[in-house]
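Written below as structure tokens is the structure these notes are about.
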Amino acid sequence: MSLECIFCKIVAGEIPSDKVFEDDELYVFKDIHPQAPVHLLIIPKKHISSLADVAEEDYGLLGRMLGKAHFFASEMGLKNGFRTIINTGEVGRQDVFHLHIHLLGGDTPLPPMIYRTKQITD
Ligand code: 5GP
Ligand code: ZN
């Protein structure tokens with residue numbers, strides 16, 4: 001656990017959250033600022049700062065996180081698809097430095113993933 005990390009504090013129950021699921025390794029909760037009708041965050045209980053900080057020993061954990069994304073997409077009725085996002089570091093615009101998968105979906109298609117500010121011609 002990282003003392004300054006808000007997601008570690010959520011896992012520890014020190015900050016309230018709208019929990020959907022937890023087991024020994026994972027914690028799933030609703031994003032406080034949902035970007036879609038369904039917006040869950042899937043995190044490891046173990047503090048890993050980002051995808052760039054994952055070690056080979058964590059690959060199984062990553063697989064379980066993705067598996068839970070699929071599971072909760074089904075549970076939430078996202079039968080026509082959904083989006084999973086992992087923002088990493090400054091370029092990826094990561095705000096909270098505790099690894100998390102965003103699970104987003106609803107009844108209608110989400111906006112394009114990246115808005116192009118300039119047309120790429122070559
Ligand atoms: P990032 O930009 O790091 O990929 O995403 C961080 C996400 O965490 C954001 O979507 C933000 O709304 C969410 N978030 C930040 N603080 C809290 C919090 O205290 N509770 C919950 N439930 N979500 C949070
Ligand atoms: Zn943490």
Within a radius of less than 6.0 Å around CD of Glu4, do more than 12 heavy atoms belonging to other residues, nucleotides or ligands occur?
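No.
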
Looking at every non-hydrogen atom in both residues, tell me the closest pair between [X] and [Y] and how far apart they are.
X: Pro44; Y: Leu61; answer: CB-CD2, 3.6 Å
X: Met65; Y: Ile101; answer: CB-CD1, 3.6 Å
X: Leu99; Y: Leu51; answer: CD1-N, 3.7 Å
X: Leu110; Y: Leu104; answer: CD1-O, 3.9 Å
X: Leu26; Y: Asp23; answer: N-OD1, 2.8 Å
X: His98; Y: Cys8; answer: ND1-SG, 3.5 Å

Are [X] and [Y] connected in the hydrophobic side-chain network, where two residues link if heavy atoms are under 4.5 Å apart?
X: Ile48; Y: Leu66; result: yes
X: Leu41; Y: Val28; result: no
X: Tyr59; Y: Ile42; result: yes
X: Val96; Y: Ile10; result: yes
X: Val54; Y: Phe97; result: no

Pair listing, ring pair (Phe, Tyr, Trp, His ring centres under 6.0 Å) test, anchored in residues 16-37, at least two apart
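Residue pairs passing ring pair (Phe, Tyr, Trp, His ring centres under 6.0 Å), neighbours aside: Phe7-Phe29, Phe21-Phe72, Tyr27-Phe29.
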
Sorted by chain and residue number, the salt bridge (charged side-chain N to carboxylate O under 4.0 Å, His left out) partners of Glu75 (sequence neighbours excluded) come out as none

Among all residues two or more places apart in sequence or in another chain, which pass the ring-ring contact (aromatic ring centres under 6.0 Å, His included) test with His102?
His39, His100

Charged N-O contact under 4.0 Å between Glu57 and Lys46:
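Judged by the 4.0 Å cut-off on N to carboxylate O distance, Glu57 and Lys46 do form a salt bridge.
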
Spacing of [atom1] belonging to [X] relative to [atom2] belonging to [Y], to within rounding of 0.5 Å:
X: Ile15; Y: Ile32; atom1: CD1; atom2: CD1; result: 9.0 Å
X: Ile43; Y: Glu25; atom1: CD1; atom2: CD; result: 13.0 Å
X: Leu78; Y: His70; atom1: CG; atom2: NE2; result: 10.5 Å

Go through it in stages, so that I can follow the logic: the residues are Asp53 and Asp58, the test is side-chain contact (heavy atoms from CB on, under 4.5 Å), and I'd like the CA-CA distance, side-chain angles, deciding distance and then a yes or no.
CA-CA 10 Å; Asp53 298 285; Asp58 300 317; over 6 Å; no

Could you walk me through whether Asp24 and Lys45 pass the side-chain contact (heavy atoms from CB on, under 4.5 Å) test, one step at a time?
CA-CA 8 Å; Asp24 290 352; Lys45 286 189 167 177; 5.9 Å; no

